[in-house]
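Everything below concerns the one structure shown next.
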Amino acid sequence: MKILAIETSCDETAAAIVEDGTKIISSALATSTAMHRKYGGIVPEVAAREQLRCIMPVIQEVLELYKKEGASMSQCITDEIDAIAVTTGPGLIGSLLVGVETAKTMAFVTGKPLIPVNHVLAHMYANFLESIQGSSSRIPSATEGARDNNNQIEFPAISLVVSGGHTELFLMKSASELTWLGGTVDDAAGEAFDKTARLLGFETGGGPAIQNAAKLFDGKKIVSLPRPLLHDDTLNFSFSGLKTAIIREWKKFPSPSDQTTAAFAYEVQESITDVLVAKTVRAVKQHSAQSILLSGGVAANIRLRKKFKEAILQAKLSAALFVPPIELCTDNAAYIAAYAYFRGKPVDWHDITAIPDLSVEA
Ligand code: KG4
Ligand code: ZN
């Protein structure tokens, strides 16, 4: 089954064709990230206008990459595509509307089934995709002591979605059965990386800037930051207190050296990753999970991946770790198609609408 998916929830315009929820046939993406840099954050109006400018060229690109020689675009959709999937939320209303209305029009004209997709839930299905090069995107924790599971996701699985807007833990009893276990009560992990990066003077780069600065840390600790909600009984997260703590501590260093910045970046990264790992491991124990799935932009963090591998060994968990390649961690349409295949349900186009605050508590 081939699904053509469209993703326009924020500042990326993406389309992809995926077969049977796993094989990426073609994938294309345009981003307006650079345009938002000078404002220090995403400007919704600018993002929506860029979505409008890019949506048709991006869809054209995925079809060009795939269609048979001599066939028209519409012939390609009519003959080859089984269903159309689109992100309906959560996200920015102006951006979402561009993708939703385009997908509805395509479904209306072609008569293909239309599948609405929740962007946050879809992130975790990046773990079911094979990368474009044909190699498996699945990276089980191939460290000593890890269980050899032939790269297959086994259930129950615990899934941690960590992006710029969300930090959520889910139990997956099968590829289609999801239960929300907990999430952030305030800032998302990616948001915490982005906000603290700005406080430390990084104008761009957010999480990657913190990760790079932390690599320069010489081991001399000069700051201790809190590990919020580390020991409470829930599977919730809270990261907004980190900002306040950093503002307080950073003031003690009026002329920070590169080493001071590195020490702060290291501690920020430790604080966020400590909590993410601890809560996920707790969920794995509670549900005797056989797999841990990471996804979302923050799953690109190298320290987080390393800590997960160490924690699995230390806690003697039988779970295997799965992390998508970096290009599938961040926003794209391939995982939208994967979600639609494994869990989506077609809905009449009349009943599909953009929902900016679509809930993740599945
Ligand atoms: O999933 P994503 O591309 O977009 C959302 O749906 O939000 O995630 C973007 C987030 C940003 O907050 C960015 O700073 C963070 O992912 N991020 C990272 C790294 N790469 C991206 N955070 C920590 N370490 C990284 N290497
Ligand atoms: Zn996302």
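Atoms within each ligand, like the ligands themselves, are counted from 1 in listed order.
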So if I count the atoms of ligand 1 from 1 in the order they appear, which ones are less than 4.0 Å from some heavy atom of [X]?
X	result
His119	6 (O)
Val298	15 (C), 16 (O), 18 (C), 22 (N)
Asp194	11 (C), 12 (O), 13 (C), 14 (O)
Gly165	7 (O)

Starting from [atom], locate the nearest protein heavy atom and write down its residue, its atom name and how far away it is, to 0.1 Å.
atom	result
atom 24 (N) of ligand 1	Asn301 ND2, 2.9 Å
atom 22 (N) of ligand 1	Gly207 CA, 3.4 Å
atom 26 (N) of ligand 1	Gln211 OE1, 3.0 Å

For ligand 1, find out whether one of its N or O atoms is nearer than 3.5 Å to an N or O atom of [X].
X	answer
Phe193	no
Gly297	yes
Asp331	yes
Gly164	yes
Gly190	yes

Do the side chains of [X] and [Y] get close enough for a salt bridge, i.e. N-O under 4.0 angstrom?
X	Y	result
Lys221	Glu267	yes
Asp187	Lys243	yes
Glu270	Arg303	yes
Lys307	Asp274	yes
Glu177	Arg343	no

**Asked** With respect to Lys279, which candidate in Asp232, Asn236, Thr167 satisfies the side chain to side chain donor-acceptor pair (under 3.5 Å) definition?
**Response**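 It is Asp232, the one option of Asp232, Asn236, Thr167 that forms the side chain to side chain donor-acceptor pair (under 3.5 Å) with Lys279.
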**Request:** Check whether any side-chain heavy atom of Leu92 sits under 4.5 Å from a side-chain heavy atom of Ile42, and report yes or no.
**Result:**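 They are in contact (side-chain heavy atoms under 4.5 Å apart), so the answer is yes.
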**Message:** Any heavy-atom pair between the side chains of Leu129 and Lys23 that's under 4.5 Å?
**Reply:**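 Lys23 does not reach Leu129 side chain to side chain.
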**Request:** For the Zn ion (ligand 2), find the closest N/O/S atom on Asp331 and give its atom name.
**Result:**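 Nearest N/O/S atom of Asp331: OD1.
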**Message:** Ring centroids only, cut at 6.0 angstrom: are Phe253 and Phe264 within range, meaning strictly under it?
**Reply:**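 Phe253 vs Phe264: aromatic centres under 6.0 Å.
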**Min heavy-atom dist His123 to ligand 1 below 4.0 Å** =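 The answer is yes: ligand 1 sits under 4.0 Å from a heavy atom of His123.
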**Request:** For Glu12 and ligand 1, answer yes if some heavy atom of the residue is under 4.0 Å from a ligand atom, otherwise no.
**Result:**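 No heavy atom of Glu12 comes that close to ligand 1.
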**Request:** Verify the distance test for His123 against the Zn ion (ligand 2): any N/O/S atom under 2.8 Å, yes or no.
**Result:**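 Yes, His123 qualifies, because one of its backbone or side-chain N, O or S atoms lies under 2.8 Å.
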**Asked** Is it true that some N/O/S atom of His119, main chain or side chain, lies under 2.8 Å from the Zn ion (ligand 2)?
**Response**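 An N, O or S atom of His119 is closer than 2.8 Å to the Zn ion (ligand 2), so yes.
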**Item:** Donor-acceptor contact present, side-chain Lys67 to main-chain Ala71, <3.5 Å
**Value:**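 Pair found, side chain donor or acceptor close to backbone of Ala71.
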**Residues Ser9 and Glu7: side-chain donor-acceptor under 3.5 angstrom** =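 Distance-only check passes for Ser9 and Glu7.
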